[in-house]
> 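First the structure, then my questions, so here it is.
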Amino acid sequence: MSDKARPVLLSGGNPQIPKGEGDAPVQAYIAAMPGWKQRVGRALDTIIMCAVPNARKAVKWNTPFYGAPDSEGWFVSFHCFDRYVKVAFLRGADLDPPPPVASKQPDVRYFHIHEKDAIDEAQIGEWVRQAAALPGVKM
């Protein structure tokens, strides 16, 4: 890929990807994630799609979003920051157990994946299954 074709990386190394529906913009986002973050993005996409095989995908606000196939809303997204990838469960306060990081928005809960962190596929998959069963958040 030539430098002209490479997406711009915003603060924290977050790729600037045009908004769009479907798998293609999400895969473009993941491919543009810098360094170790790309491995995390690929793992998250795989975990989400294994837990909810027909999940809808989109990129909005330079962030991949996933929605349940029978819902207009979204249940999870992720975003690059300097030292971690932030995973946002949009109704995370309703998950059992809730993800560990609180948000200013009372329903939203986060967890962060740092470079050396092991990815807990079982826990993430369980959160994804629970989140997809809840009404999605419309955006």
> Distance-only criterion, 3.5 Å: show the donor-acceptor pairs between side-chain atoms of residues 96-105 and protein atoms not counting sequence neighbours.
| residue | atom | partner | partner atom | Å |
| --- | --- | --- | --- | --- |
| Ser103 | OG | Gln105 | N | 3.0 |
| Ser103 | OG | Tyr110 | OH | 3.3 |

> Name all residues meeting the salt bridge (Lys or Arg N to Asp or Glu O under 4.0 Å) criterion together with Glu72; count only those two or more places apart in sequence or in a different chain, and write none if there are none.
Lys138

> Answer with yes or no whether the hydrophobic clustering places Leu44 together with Val76; edges join I, L, V, M, F, W, Y residues whose side-chain heavy atoms lie under 4.5 Å apart.
yes

> Please check this pair: side chain of Asn14 against backbone of Asn62, looking for a donor-acceptor N/O pair closer than 3.5 Å.
yes

> Give the minimum heavy-atom separation between Lys60 and Phe65, together with the two atoms involved.
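Shortest heavy-atom contact: O-CE1, 3.5 Å.
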
> Quick one: side-chain hydrogen bond (donor to acceptor under 3.5 Å, both in side chains) partners of His112, sequence neighbours excluded?
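Not a single residue meets the side-chain hydrogen bond (donor to acceptor under 3.5 Å, both in side chains) criterion with His112.
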
> Applying salt bridge (Lys or Arg N to Asp or Glu O under 4.0 Å), can you list everything that pairs with Asp94, at least two apart in sequence or on another chain?
Arg91

> When rounded to the nearest 0.5 angstrom, what distance separates CG in Leu95 from CD in Gln123?
9.0 Å

> Please list, one pair per line, the donor and acceptor atoms closer than 3.5 Å that link side chains of residues 16-26 to other protein atoms, with sequence neighbours excluded.
| residue | atom | partner | partner atom | Å |
| --- | --- | --- | --- | --- |
| Asp23 | OD1 | Gln27 | NE2 | 3.0 |
| Asp23 | OD1 | Lys57 | NZ | 2.5 |

> What heavy-atom pair brings Tyr29 and Pro64 nearest, and what distance separates the two atoms?
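Between these two residues, the closest heavy atoms are CD2-CG, 3.3 Å.
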
> Is any side-chain heavy atom of Ile113 closer than 4.5 Å to one of Phe78?
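With C-beta onward as the side chain, the pair stays apart.
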
> List for me each residue that meets side chain to side chain contact (heavy atoms under 4.5 Å, CB included) alongside Ser71, sequence neighbours excluded, and say none if there are none.
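If we apply the side chain to side chain contact (heavy atoms under 4.5 Å, CB included) test to Ser71, skipping adjacent residues, the hits are Ala68.
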
> Does CD in Glu121 sit with more than 12 non-hydrogen atoms of other residues, nucleotides or ligands closer than 6.0 Å?
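Counting neighbours around CD of Glu121, 12 or fewer heavy atoms of other residues, nucleotides or ligands fall under 6.0 Å, so no.
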
> Go through the structure and list residues passing side-chain hydrogen bond (donor to acceptor under 3.5 Å, both in side chains) with Glu126, not counting sequence neighbours.
Gln130

> List for me each residue that meets side chain to side chain contact (heavy atoms under 4.5 Å, CB included) alongside Arg56, sequence neighbours excluded, and say none if there are none.
Trp74

> If I compare all heavy atoms of Gly92 with all of Arg109, which pair ends up nearest, and what's the gap?
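Result for this residue pair: C-CG, 3.3 Å.
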
> Would Leu9 end up clustered with Val40 when hydrophobic side chains under 4.5 Å apart are linked, directly or stepwise?
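Different clusters: Leu9 never reaches Val40 through Ile, Leu, Val, Met, Phe, Trp or Tyr contacts under 4.5 Å.
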
> Which residues pass the side-chain hydrogen bond (donor to acceptor under 3.5 Å, both in side chains) test with Asp107, sequence neighbours left out?
none

> Passes side chain to side chain contact (heavy atoms under 4.5 Å, CB included), Ile119 versus Ile47? Steps please.
CA-CA 10 Å; Ile119 297 174; Ile47 293 165; 3.8 Å; yes

> Mind checking the NZ-OG spacing from Lys86 to Ser77? Nearest 0.5 Å is all I need.
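Here the interatomic distance stands at 9.0 Å.
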
> Just by distance, with hydrogens left out, do Tyr84 and Asp117 show a side-chain donor and acceptor under 3.5 Å apart?
no

> Let's go through Tyr66 and Asp45 carefully: what are the C-alpha distance in whole Å and the side-chain angles of both, what is the deciding distance for side-chain hydrogen bond (donor to acceptor under 3.5 Å, both in side chains) to 0.1 Å, and is it a yes or a no?
CA-CA 9 Å; Tyr66 295 78; Asp45 185 65; 2.6 Å; yes

> Is the shortest heavy-atom distance from the side chain of Val52 to the side chain of Pro69 under 4.5 Å?
yes

> Tell me, please, which residues at least two apart from Lys116 pass salt bridge (Lys or Arg N to Asp or Glu O under 4.0 Å).
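Expected list: none.
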
> Would you tabulate the side-chain donor-acceptor contacts of residues 30-38 under 3.5 Å, counting partners in other chains and residues two or more places apart, or write 'none'?
| residue | atom | partner | partner atom | Å |
| --- | --- | --- | --- | --- |
| Lys37 | NZ | Gly12 | O | 2.9 |
| Lys37 | NZ | Phe81 | O | 2.6 |
| Lys37 | NZ | Asp82 | O | 3.2 |
| Gln38 | OE1 | Arg42 | NH2 | 3.2 |
| Gln38 | NE2 | Ala31 | O | 2.8 |
| Gln38 | NE2 | Met33 | O | 3.4 |

> My understanding is that only residues two or more places apart in sequence, or in another chain, count here; which of them pass ring pair (Phe, Tyr, Trp, His ring centres under 6.0 Å) with Phe89?
Trp127

> Spell out, yes or no, whether Val87 and Ile124 are grouped together once hydrophobic residues are joined by side-chain heavy atoms under 4.5 Å, including indirect joins.
yes

